[in-house]
There are 2 protein chains.
Amino acid sequence: MKKKAEERREQILRAAFQAVSDKGYETVTLQDIADYAGVSKGVTNYYFENKEDVFLSLLEWVTDRIYQQEYKAVSKQTTAIEKLEAYLYSVFINPEKNKKFYKVYLDFMAQASRNPQYRQINLKFYENCWKIGRDIVSLGQKEGTFSPDIHVDTASKMIRSIIDGCLIQWLMRDEDHLHEFYKNTCYEVILKYLK
Amino acid sequence: MKKKAEERREQILRAAFQAVSDKGYETVTLQDIADYAGVSKGVTNYYFENKEDVFLSLLEWVTDRIYQQEYKAVSKQTTAIEKLEAYLYSVFINPEKNKKFYKVYLDFMAQASRNPQYRQINLKFYENCWKIGRDIVSLGQKEGTFSPDIHVDTASKMIRSIIDGCLIQWLMRDEDHLHEFYKNTCYEVILKYLK
DNA sequence: AAAATTATTCTGTCCGGTCAAAATATTTTT
DNA sequence: AAAAATATTTTGACCGGACAGAATAATTTT
């Protein structure tokens, strides 16, 4: 029972994710989401309060998935450098997925700039990312790989700023082959900053 | 004749800028823009082809103004460090203006991720910004202030990525007092990267 | 058959773009 | 320089279309 309902919700969120990525946050209608999910309009209204509820759930779902991926990738490694590399490989996963996510993410940030509910969810995502950054930086300091002068909290914020800045610029330039370039230079900038 | 028309267009763009900043790209109606400009609805359609034409013009107008400011600030200085500082002071102008611009800019980037027309205008903005970055970096190398190993084109792209990444993160955190923090750390990261 | 779930239809609201008429400005004529 | 004629600008009512959410109907599950 509960299982079924949870699957249904996820099916709808997955569909909403694709729909928003294709058409944009404001353009997508409940009908679109239903169409993408291959269900009728009533279903969406049954599993979610209203349109906003779908979108809030979507942002939470999608940022959480990204964070889980990043966390998993970093956990597998042992040294700070390995972890940092794994983090970046997980973030810069590939052009298709990055495009899909950042299109939607930009939409949501635009919303978040005016709507505290979205901002709240994004802040949770930030805090998760910062945590990953902090762990890497403080491990690196313990190892002696990174400079002890770096302020751990500050660095974790900068790491995420650089990542997002690079991926947004990459997305705006709309050339898949530049993905490698931004991944590598992003890594270099961060590394140089931490050393 | 022409003068009057140009003024009218700017009046409408200025109003549209404020309206979009307040309400968001998709929410703003032609009526809103007219209201903000203190004119009737028909006027907007008289001076612009349609709604999209207003928005395309707005993005071009607003990014151009920003670039002009940055360029002017940098031009006044002579050494690479001074220019870099001036650039960052011009970018991180103050919380109010940054908020107003980045709210609108995020909206447009979300659009640009799916619409090549917006992307084109943004690319022009990027190229202007990169040019500023390149000039600063190559001057710094000539002076011996910055490392000669840095690739100038690459650096100019990174500078803008870091700036946008920082300001977006700052906007999402919605705490004016963090503006100083992001300005300073943004500067430090860039400087450490260039040295 | 009662309850839960899914499909379809309806309704009120809102918006972009049009347009004819009014208002205003400019030019020409007397 | 006043009046008339013409051009430009402004206004807001209106239309067609789209959509969210509600209501209702149909179907499936228990």
Side-chain angles (χ1 to χ4, degrees), chain A residues 1-61 104 107-108 110-111 114-115 117-118, chain B residues 1-61 104 107-108 110-111 114-115 117-118:
Chain A
M1 270 348 53
K2 267 291 167 53
K3 191 86 163 289
K4 182 85 176 294
E6 217 27 71
E7 271 173 31
R8 252 314 194 225
R9 276 178 66 98
E10 183 164 330
Q11 175 191 10
I12 292 166
L13 291 179
R14 217 175 272 280
F17 184 31
Q18 187 64 54
V20 173
S21 182
D22 289 348
K23 307 192 164 197
Y25 175 88
E26 297 274 7
T27 311
V28 162
T29 68
L30 289 174
Q31 189 64 62
D32 287 329
I33 295 174
D35 291 348
Y36 270 73
V39 298
S40 88
K41 210 183 149 194
V43 177
T44 310
N45 270 319
Y46 184 77
Y47 285 103
F48 295 91
E49 291 266 325
N50 51 37
K51 203 183 179 187
E52 195 178 34
D53 186 30
V54 178
F55 285 140
L56 286 167
S57 305
L58 172 57
L59 177 60
E60 201 157 18
W61 178 75
V104 174
D107 268 325
F108 276 116
Q111 297 303 314
R114 294 177 196 87
N115 181 333
Q117 290 186 85
Y118 290 105
Chain B
M1 255 17 24
K2 271 290 167 53
K3 191 87 162 291
K4 181 82 175 294
E6 216 29 69
E7 270 173 33
R8 253 307 194 232
R9 277 178 65 99
E10 183 164 333
Q11 175 191 10
I12 291 166
L13 291 178
R14 218 174 270 280
F17 184 32
Q18 187 65 55
V20 173
S21 181
D22 289 348
K23 307 194 165 196
Y25 176 88
E26 298 274 8
T27 311
V28 161
T29 68
L30 288 174
Q31 187 64 61
D32 287 329
I33 296 174
D35 291 347
Y36 270 75
V39 297
S40 85
K41 202 185 158 196
V43 175
T44 308
N45 272 318
Y46 185 76
Y47 288 100
F48 295 89
E49 292 266 322
N50 50 38
K51 202 184 180 187
E52 195 179 36
D53 186 30
V54 178
F55 285 141
L56 287 167
S57 306
L58 172 56
L59 178 58
E60 199 157 19
W61 178 74
V104 174
D107 269 325
F108 276 116
Q111 297 303 314
R114 295 178 195 87
N115 181 332
Q117 292 187 85
Y118 289 107

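A, B, ... follow the sequence lines: proteins, then strands. Residue 1 opens every chain.
Looking at residues two or more places apart in sequence or on another chain, you find a side chain to side chain contact (heavy atoms under 4.5 Å, CB included) between A:S21 and A:K100, A:K103, A:V104. In this structure B:F108 satisfies the ring-ring contact (aromatic ring centres under 6.0 Å, His included) test together with B:Y25, B:Y118, sequence neighbours excluded. Residues forming a salt bridge (Lys or Arg N to Asp or Glu O under 4.0 Å) with A:E60 (at least two apart in sequence, or on another chain): A:K124.
Summarising the geometry, the separation between OH on A:Y46 and C1' on C:dA7 is reported as 14 Å, rounded to the nearest angstrom. What separates CD of A:E7 from C1' of C:dT5 is a distance of 15 Å, to the nearest Å. The separation between B:D32 atom CG and D:dG12 atom P is 16 Å, rounded to whole Å. Nucleotide D:dG21 holds its P atom 10 Å from the CZ atom of A:F55, rounded to whole Å. The distance between atom CZ of B:R9 and atom P of D:dT8, rounded to the nearest whole Å, is 18 Å.
Note on A:R8: every side-chain N or O is 4.0 Å or more away from OP1 and OP2 of C:dT5. The side chain of A:Y47 contributes no N or O atom lying less than 4.0 Å from OP1 or OP2 of C:dT5.
Using a 4.0 Å heavy-atom cutoff across all strands shown, A:V43 reaches sugar-phosphate atoms only and no base atom.
Side-chain contact of A:Q11 with A:R14: a donor-acceptor pair under 3.5 Å is absent, judged by distance alone.
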Using a cutoff of under 3.5 Å, can you pull out all pairs of nitrogen or oxygen atoms linking the protein to nucleotides 16-19 of chain C, with atom names and distances?
residue, atom, partner, partner atom, Å
C:dG16, OP1, B:K51, NZ, 2.3
C:dG16, OP2, B:L30, N, 3.0
C:dG16, N7, B:K41, NZ, 3.2
C:dG17, OP2, B:K51, N, 3.0
C:dG17, N7, B:K41, NZ, 3.4
C:dG17, O6, B:K41, NZ, 2.3

Cut-off 3.5 Å, no hydrogens considered: what does the side-chain donor-acceptor table look like for residues 38-45 of chain B, sequence neighbours left out?
none

Enumerate donor-acceptor pairs with a distance under 3.5 Å from any side-chain N or O in residues 29-36 of chain B to protein atoms, sequence neighbours excluded.
residue, atom, partner, partner atom, Å
B:T29, OG1, B:Q31, N, 3.3
B:T29, OG1, B:D32, N, 3.0
B:T29, OG1, B:D32, OD2, 3.3
B:Q31, NE2, B:D35, OD1, 3.1
B:D32, OD1, B:K23, NZ, 3.2
B:D32, OD2, B:T29, N, 3.0
B:Y36, OH, B:D22, OD2, 2.5

